[in-house]
There are 4 protein chains.
Amino acid sequence: MAKKTGEKYQAIIDAAVKVIARYGYHQAQVSKIAREASVADGTIYLYFDSKEDILISLFREKMGLFIKTIQERIDKFERAEDQLRELIYLHLWQLSQNRSFAVVTQIELRQSNLKVRMGINEVIKKYLNMIDQIILLGKQQQVFRADVEHAIVRKMIFGTLDEAVTSWVMNEREYELVSLVDPLHNLFVHGLKT
Amino acid sequence: MAKKTGEKYQAIIDAAVKVIARYGYHQAQVSKIAREASVADGTIYLYFDSKEDILISLFREKMGLFIKTIQERIDKFERAEDQLRELIYLHLWQLSQNRSFAVVTQIELRQSNLKVRMGINEVIKKYLNMIDQIILLGKQQQVFRADVEHAIVRKMIFGTLDEAVTSWVMNEREYELVSLVDPLHNLFVHGLKT
Amino acid sequence: MAKKTGEKYQAIIDAAVKVIARYGYHQAQVSKIAREASVADGTIYLYFDSKEDILISLFREKMGLFIKTIQERIDKFERAEDQLRELIYLHLWQLSQNRSFAVVTQIELRQSNLKVRMGINEVIKKYLNMIDQIILLGKQQQVFRADVEHAIVRKMIFGTLDEAVTSWVMNEREYELVSLVDPLHNLFVHGLKT
Amino acid sequence: MAKKTGEKYQAIIDAAVKVIARYGYHQAQVSKIAREASVADGTIYLYFDSKEDILISLFREKMGLFIKTIQERIDKFERAEDQLRELIYLHLWQLSQNRSFAVVTQIELRQSNLKVRMGINEVIKKYLNMIDQIILLGKQQQVFRADVEHAIVRKMIFGTLDEAVTSWVMNEREYELVSLVDPLHNLFVHGLKT
DNA sequence: GATGAATGAGGGTTCATTCAT
DNA sequence: AATGAATGAACCCTCATTCAT
């Protein structure tokens, strides 16, 4: 039914990020997003099936780019340790560059209902797979212990990064998120190395 | 205004956990909680100031016990490594014993509004402090490196455990959460040790 | 059912006047009246059938005294003009002496529902009859024109006094209500005299 | 926010008058008004900010017309006595023509809360000013005594007319309200004349 | 007689979605 | 394709009244 392409499709998604970041999830009404995107309320439904669909699409589009960027950049490194460092760096750097998006993903979208969060999980799985690949590579390169289970390491890396960003977003006094890259990389590598 | 003690106070909190776990946060109406607790809707307001107050109290009560249990048990260990293992074990064990509560804390309550989440953060801070204490002790005992920042380690430990539980809750096929204790402890200790 | 006598009966009525005057009609809950009267909520219902019954009784008791006082005092005058002056004087004086009661009768009780206002009207009829008697006497004494209808004059006198008190109660800057006695008496007598 | 013009705006106001007159203030739910106006509940809020806003707007619109009509018609008379008669006549005639509106203004709206009554008072002030003008003119034309205070005369005229209409509305057996015009005019003029 | 904990019915308002233009 | 006026379902909380003690 919904078109899901075109100028207005993007405009609506961008408007949604802005509105959610500014007013919070519970105050991000469809009519407010429409006004921000300079379209009529009804127009939203030519491009999206429902409000939920906006949120899922938003996450998919933005997170897709987020992941794509990381994937492309870690491919340039051969050593698993370097790939891991790049992943940590890009994860923190990309979100620190766009605080609005960070607020939306870390705080606001988590208030959404089951359906939206299911849609979000789909996207996150790709990210987790990427982490798995690095761990696997590390094992092959024999820099990571063979006995660590990737399902567990993945939780550690993702959980830690996620907590770090959430903590940064919630914290009022600002600090450089990327300053955590080396300490975290250190911790992970120490934890993993043979 | 609200009484906040007594049999019905507990009954309402327990009912809230059940209802939220079963129907989800957005479908947990006050009247449903009242019915589950076998009290009238109005009775709720003799014990709680508002629906928000139920949720915050719920978290405070249950999480308070959760933390107290951990604190008491880790005090019996002298070595930081053992304390850390006990914390990991009790964190995972307690939540795996009460899947309803796990669903509520890991998934449902995160959809709540700012006020509720503020109340929740208050409680979590205590937990984070407890982690800090273990790290500090580990440094004193010279089993953890002196150069790791506890603010970062804390994020790793909490983030990882949180992600592990969330992942377990979201996962349909059941597995033993406590089976993660040793692998996680291993990872952390490796990461931290001198 | 209800007892309608005794110390507590009076205490509840007095408490109701205070509470309504202080908090307004819509914020005068039964429990607040009970607390002011130092009795339990349930005790109210040993003395009154309903909240409405409190309000009607309040008006009946207080207004009964109000009217009785006027009746007794105007009987001491023989000339209709003097009786009218005394009625005006006592109407304004009594209410100016007890601003709480004035607020309650002029403003707050008028927000009550039909049933209460019906009960109130019962009492007011007695007052209107008293006015009628004075007019009748004036006609007999041939100081008031024979062609004025008492039903109309009654409306003028009561309506004017009522409006004067309401206006005084609503007015923030205070002025002496009794200063209106002579001007009003003048106006009425001029309007009525042969 | 609210539109406050258009066909439906009027329809809702008219529906509110009907519903309040028929069911009374306390039984005039928004949904009932919406049904009477043949619109959805939510539509009400496209035209009014709140239920209170409906009531204040209702009074303002209807009473505005009421006052405007009187003002225009009394301007055609030069003598203060004639103006006063016209005011009395139109006050009573207009309300007797629309018993629903009379019920609403004399009885039902007086049960409303402070905010609504404040809004109502604003409008009534204009009416009182109009009375003041007539009195002033009468003094200039030396048909009314110079020593009568207009603040007091105003209370008499408004209070009497108000009481007359209320009494008529409350009275079950019907009689012609306009039959009171001459007697009342007589009383007032006698009271005021030099 | 007195208590006060418990009851439960009732309503103003929001906002995602539709559809006639 | 685009509009935006209209829809109507859904819910937290208050408070007069009851009744077991």
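Throughout, protein chains are lettered first and strands after them, A, B, ... in sequence-line order, and every chain is numbered starting at 1. All values reported here derive from a predicted model rather than from experimental measurement.
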- request: Please work out if B:Lys32 contacts a base, only the sugar-phosphate, or nothing of the nucleic acid, heavy-atom cut-off 4.0 Å.
  value: nothing

message: Does the protein touch nucleotides 11-21 of chain F at the base, only the backbone, or not at all? Give it as B, S and - per nucleotide, heavy atoms under 4.0 Å.
response: SSBBSSBB---

Going by atom type alone, with no hydrogens or angles, which donor-acceptor pairs under 3.5 Å involve a side-chain atom of residues 52-61 of chain D and a protein atom two or more places apart or on another chain?
{"unit_1": "D:Glu52", "atom_1": "OE2", "unit_2": "D:Asn113", "atom_2": "ND2", "d": "2.7"}
{"unit_1": "D:Asp53", "atom_1": "OD1", "unit_2": "D:Lys4", "atom_2": "NZ", "d": "3.2"}
{"unit_1": "D:Asp53", "atom_1": "OD1", "unit_2": "D:Ser57", "atom_2": "OG", "d": "3.3"}
{"unit_1": "D:Asp53", "atom_1": "OD2", "unit_2": "D:Lys4", "atom_2": "NZ", "d": "3.2"}
{"unit_1": "D:Asp53", "atom_1": "OD2", "unit_2": "D:Asp49", "atom_2": "N", "d": "2.9"}
{"unit_1": "D:Ser57", "atom_1": "OG", "unit_2": "D:Lys4", "atom_2": "NZ", "d": "2.8"}
{"unit_1": "D:Ser57", "atom_1": "OG", "unit_2": "D:Asp53", "atom_2": "O", "d": "2.6"}
{"unit_1": "D:Glu61", "atom_1": "OE2", "unit_2": "D:Tyr9", "atom_2": "OH", "d": "3.1"}

field: Closest non-hydrogen atom pair, A:Ala102 against A:Val169
entry: CB-CG2, 3.8 Å

statement: D:Asp41 and D:Ser31 have their tightest heavy-atom pair at OD2-CB, 3.4 Å

task: Compare side-chain N and O positions of B:Lys8 against OP1 and OP2 of E:dA6 and report whether any pair is under 4.0 Å apart.
output: yes

- request: Measure the shortest side-chain to side-chain distance between A:Ile107 and A:Gln111 over non-hydrogen atoms and say whether it is less than 4.5 angstrom.
  value: yes

- prompt: Do D:His26 and D:Glu108 have side-chain heavy atoms sitting under 4.5 Å apart?
  reply: no

Report the distance from atom [atom1] of [X] to atom [atom2] of [N], rounded to the nearest whole Å.
X       : N      : atom1 : atom2 : result
C:Tyr9  : E:dG1  : OH    : C1'   : 18 Å
A:Ile54 : E:dC15 : CD1   : P     : 15 Å
A:Arg35 : F:dA2  : CZ    : P     : 19 Å
B:Lys3  : E:dA6  : NZ    : C1'   : 11 Å

message: Please tell me whether D:Gln10 and D:Glu7 have a donor and an acceptor in their side chains that are separated by less than 3.5 angstrom.
response: no

task: Nearest-nucleotide wise, let me know which of C:Tyr47 and B:Ile44 is further upstream toward the 5' end of DNA chain E.
output: C:Tyr47

query: Is the NZ or CZ atom of C:Lys8 both under 6.0 Å from the centre of the six-membered ring of C:Tyr47 and within 45° of that ring's axis?
result: no

message: Give the dot-bracket line for DNA chain F from 5' end to 3' end: parentheses for intra-strand Watson-Crick or G-U pairs under 3.5 Å, square brackets for crossings, | for inter-strand pairing, dots for unpaired.
response: .||||||||||||||||||||

- request: Answer yes or no: is there an ion pair linking D:Asp14 with D:Lys62, defined by an N-O contact shorter than 4.0 Å?
  value: yes

